[in-house]
Peer 1: 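To start, I am sharing the structure in question, which I have written as structure tokens.
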Number of protein chains: 4
Amino acid sequence: MTEGKHLVKTSVKDEQLITKRRQQMIGAGVKLFKEKGFHRTTTREIAKEAGFSIGTLYEYIRTKEDVLYLVCDSIYDEVFERIESVGAKNGTLDELVSAIRYYYSVINDMQDEFVVMYQETKSLPKEALSYVLRKEEEMTAIFRTILQSCVTSGELSLNEREIDLYAHSIFTQGQMWAYRRWALHKNYSIDEFTDLQVAFILRGLGARTKGEL
Amino acid sequence: MTEGKHLVKTSVKDEQLITKRRQQMIGAGVKLFKEKGFHRTTTREIAKEAGFSIGTLYEYIRTKEDVLYLVCDSIYDEVFERIESVGAKNGTLDELVSAIRYYYSVINDMQDEFVVMYQETKSLPKEALSYVLRKEEEMTAIFRTILQSCVTSGELSLNEREIDLYAHSIFTQGQMWAYRRWALHKNYSIDEFTDLQVAFILRGLGARTKGEL
Amino acid sequence: MTEGKHLVKTSVKDEQLITKRRQQMIGAGVKLFKEKGFHRTTTREIAKEAGFSIGTLYEYIRTKEDVLYLVCDSIYDEVFERIESVGAKNGTLDELVSAIRYYYSVINDMQDEFVVMYQETKSLPKEALSYVLRKEEEMTAIFRTILQSCVTSGELSLNEREIDLYAHSIFTQGQMWAYRRWALHKNYSIDEFTDLQVAFILRGLGARTKGEL
Amino acid sequence: MTEGKHLVKTSVKDEQLITKRRQQMIGAGVKLFKEKGFHRTTTREIAKEAGFSIGTLYEYIRTKEDVLYLVCDSIYDEVFERIESVGAKNGTLDELVSAIRYYYSVINDMQDEFVVMYQETKSLPKEALSYVLRKEEEMTAIFRTILQSCVTSGELSLNEREIDLYAHSIFTQGQMWAYRRWALHKNYSIDEFTDLQVAFILRGLGARTKGEL
DNA sequence: TATGAATGAGCATTCATTCAT
DNA sequence: GATGAATGAATGCTCATTCAT
């Protein structure tokens, strides 16, 4: 899952050190990119924020874009790590609901990271970009799988195309919380937001709702 | 609606000329920003694409950000112009459905513009940013109003908070078509996408669907 | 002859200005390269010496190597301009001797330029390098032609291969004056050097010398 | 002859090790400098090619220029070693001819080294530069001595100034083979080149040629 | 009004050299 | 003695902006 990191070449050999320094860089990157965006952040600022010199920064990356790539990759990793536990087992609606709730709480925790990722993604070099899109695909797949289980178990009645599209919908509805924060956060708590969205989604999926959520 | 343009200072007097030149700049801006993003586009390129010299460009703007602002403003104007016709009159679900369908077709027509707008928005100077967010607010308001009518007419049963949030949802579900094009366009036509989304939304809103599209 | 200059792209349109600025750049380049070599000279120094800003410098060139190329090109042009007058007409030894003498005086006048050219030439990008070598070839051709005339007129008796090689020899013997200046200038005046070399060459070519030079 | 090496300071004591390491550095230096020139070669590359770390490299030199100096010095040593056997004994023309032939074959064997030396020499620090020029002087002296013997023995008739200058000429004519390889190698074999040059030189020196070479 | 040459602050990146281990 | 991570001054190049014509 983390093999993406290996795409970025280093001249340093000590693996542990690489991990440590990259963690510092990523932290600095996230912080600065969310504040001023990728393009307005200089490599010197990244190095300084990371706690080392510009020379050292370039011992661990080849280009500025590498930092962005590392940042995106690490965000995905973290989201993945936190999400993948919620696998589909029995195909119950309860399972679906907890997955959604869990995912939305992750979004809430990592709002800045999400915003950074979706806004700067296009600055990635071609190769890195397709790598990132593949990751995104993998994430959607999680919900697709859960929906599939619910269909299999008879809890939902959706065809292939609906499953695929609505997996994206669930995803997108959550990301709203990060992208439209300027409109939503002043009116809703994350809990209320989640409750309303879960209800909307379940109905949207055609679940025979009695009094769930 | 277009008063936003007045925020950008000019040293030229002739109003007609200003309008013409700005139209040229905006066209160039949209084209270039969608191709390479705001930061990777130079003012020289904008001027060239617009058909005049940088010197002239700077007679009509003060900073490069002004171009971005003008571009965003013009996109909003166009979207607005095309959307606002669909006002709520009787509060029927049909009305809601056509509004959604109409909006989604606008998104389809202006995909690049949407992507540009949402990805570069944060590069706007503070003042322009809040102006843009206000526009965004106004747009959401259109759907809020329609939903409200449907509630008033008894077609839907939603409270204030639901109306507000679900207006955002409808919006976001449509934008998916632009932002997740890499995943959606290869599998769905805009028509199928719209059909599926409309169905999802109507159910999500708790409409007593019998067999409507 | 000067079409080489057109290989270097400019963003300035005024042809006269281009010529003027390039003249300034070339002057600065020759001076600095001869002092500290191409690699130890910075673009900022070139701009400063040329009398304009770094920004302006880059309005007239694309890369630092362009300056080197322009310098080499201009040196060739000047040498050419001064040499080509000495065309072979009757194929007399006198003609050959004056050509040699003339060429050697040019070398003496442009010692620094010669040294710069031969020492930095390999820093040129591939394309420019082959352009320069073609020029060098053209110069050798001048002496080849003269030798040929002398053979035709019966003043010398050389075969094709000898003509070709000895043209290079004449060339090289002159360049010695620039490259081995540290050894030669303290012992010889340019006149004595020329006299001795002319005598050496004439004998070397097998000319029936009576009391020439 | 090798005392030049002592100009380069070391922090290592073991003399044998110093010699070994330097041999490695010089090998790396020659290879890299001939490929990409002194300035385009980094110390890291030199260390890597030499088979040890930059840390170690800097235990044996003080600055990057030291490597260049060591390389030049070693090239001179090798040329010297191979040339000095050809001492003047009897002052016959045959001796002169074999010396020339021998020298030209050395040039042919070490073309790259010659090119490196003459092109990078000016990057040497002052002190090292004059050391190198002294070496060059010593080499010319070899031919001067041979010419002198020939004069003494009556085989040639040259005055002091001619002897001195023509020693340089013989030298330069040979170096042509390395410097103008782009023009010469495609048309001549080293043997033909040598034959033609020897003939030219002998005649140039005024030797009473019958049918030698 | 329109033009485009000039400016220089700013930026990404490199690389010789040092020094703690 | 050997290693290689760290450093930061230096450098090539860009580009938004100005202003004389």
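Only a predicted model underlies this, so the values are computations on that prediction, with no experimental measurement involved. The basis for the numbers below is simple: all heavy atoms, side chains too, and nothing from hydrogens, waters or symmetry mates. Below, chain A is the first sequence line, B the second, and so on; all start at residue 1.
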Peer 1: Pick base, sugar-phosphate or nothing for D:Ser11, based on heavy-atom distances below 4.0 Å to the nucleic acid.
Peer 2: nothing
Peer 1: Let me know, please, whether D:Asp14 or A:Glu59 comes out on the 5' side of the other along DNA chain F by nearest nucleotide.
Peer 2: D:Asp14
Peer 1: Take atom CD of C:Glu65 and atom P of F:dG12, then tell me their distance rounded to the nearest Å.
Peer 2: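 That distance rounds to 9 Å.
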Peer 1: I'd like to know whether C:Glu49 forms a salt bridge (charged side-chain N to carboxylate O under 4.0 Å, His left out) with C:Lys36, so could you lay out the CA-CA distance, the side-chain angles of the two residues, the decisive distance to 0.1 Å, and finally the verdict.
Peer 2: CA-CA 14 Å; C:Glu49 181 71 35; C:Lys36 28 199 315 200; over 6 Å; no
Peer 1: What is the distance, rounded to the nearest whole Å, between atom CZ of B:Arg40 and atom P of F:dT14?
Peer 2: 14 Å
Peer 1: Using a 4.0 Å heavy-atom cut-off across all strands, classify A:Thr41 as base, sugar-phosphate, or nothing.
Peer 2: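 If one applies the 4.0 Å heavy-atom cut-off, A:Thr41 turns out to touch the sugar-phosphate alone, with no base involved.
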Peer 1: Expressed in angstrom and rounded to an integer, what is the separation of D:Ile61 atom CD1 from E:dA16 atom C1'?
Peer 2: 9 Å
Peer 1: Verify, without hydrogens or angle tests, whether C:Glu120 (side chain) and C:Phe38 (backbone) share a donor-acceptor contact under 3.5 angstrom.
Peer 2: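 Yes; judged by distance alone, with no hydrogens or angles, the pair exists.
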Peer 1: Are B:Thr56 and E:dT3 close enough that a side-chain N or O sits under 4.0 Å from OP1 or OP2?
Peer 2: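 So the side-chain polar atoms of B:Thr56 do come within 4.0 Å of the phosphate oxygens OP1 or OP2 of E:dT3, strictly under.
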Peer 1: Mind checking A:Thr42 for me? I need base, sugar-phosphate or nothing, with any heavy atom below 4.0 Å counting as a touch.
Peer 2: sugar-phosphate
Peer 1: Rounded to whole angstroms, how far apart are CZ on B:Arg44 and P on E:dA6?
Peer 2: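 That distance rounds to 11 Å.
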Peer 1: Rounded to whole angstroms, how far apart are CE on C:Met25 and C1' on F:dC13?
Peer 2: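 From C:Met25 CE to F:dC13 C1': 14 Å.
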Peer 1: Which nucleotide wins on minimum distance to the side chain of C:Thr63, given the candidates F:dC13, E:dT1, F:dA6?
Peer 2: F:dC13
Peer 1: Please report, rounded to the nearest Å, how far the C1' atom of E:dA6 is from the NZ atom of C:Lys48.
Peer 2: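 Roughly 18 Å, once rounded to whole Å.
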Peer 1: Just name whichever nucleotide pairs with F:dA20, Watson-Crick or G-U, keeping both distances under 3.5 Å, else none.
Peer 2: E:dT3
Peer 1: Do we see a donor-acceptor contact under 3.5 Å between the side chains of D:Arg22 and D:Thr10?
Peer 2: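 Looking only at side-chain atoms, D:Thr10 and D:Arg22 do form a donor-acceptor pair, the distance falling under 3.5 Å.
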Peer 1: Hey, are the side chains of D:Leu70 and D:Ser74 touching, using non-hydrogen atoms and a 4.5 Å cut-off?
Peer 2: no
Peer 1: Taking the side chain of B:Ile54 as its heavy atoms from C-beta onward, which of F:dA9, F:dA16, E:dG4 lies nearest to it?
Peer 2: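 It is E:dG4.
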Peer 1: For D:Tyr58 and E:dC19, give me the distance from atom OH to atom C1', rounded to whole Å.
Peer 2: 14 Å
Peer 1: Could you please name the option among E:dA12, E:dA16, F:dG1 that lies closest to any side-chain atom of D:Thr43?
Peer 2: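 For the D:Thr43 side chain, the nearest candidate turns out to be E:dA16.
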Peer 1: Return yes when atom NZ of A:Lys20 has more than 12 non-hydrogen atoms of other residues, nucleotides or ligands closer than 6.0 Å, and no otherwise.
Peer 2: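 No, NZ of A:Lys20 has 12 or fewer neighbouring heavy atoms, counting only those of other groups under 6.0 Å.
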Peer 1: Both C:Gly55 and D:Arg21 contact DNA chain F. Taking the nearest nucleotide for each, which residue is further toward the 5' end?
Peer 2: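 Result of the comparison: D:Arg21.
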Peer 1: Taking CG from D:Leu57 and P from E:dT17, how many angstroms apart are they, rounded to a whole number?
Peer 2: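 Rounded to the whole Å, the gap is 10 Å.
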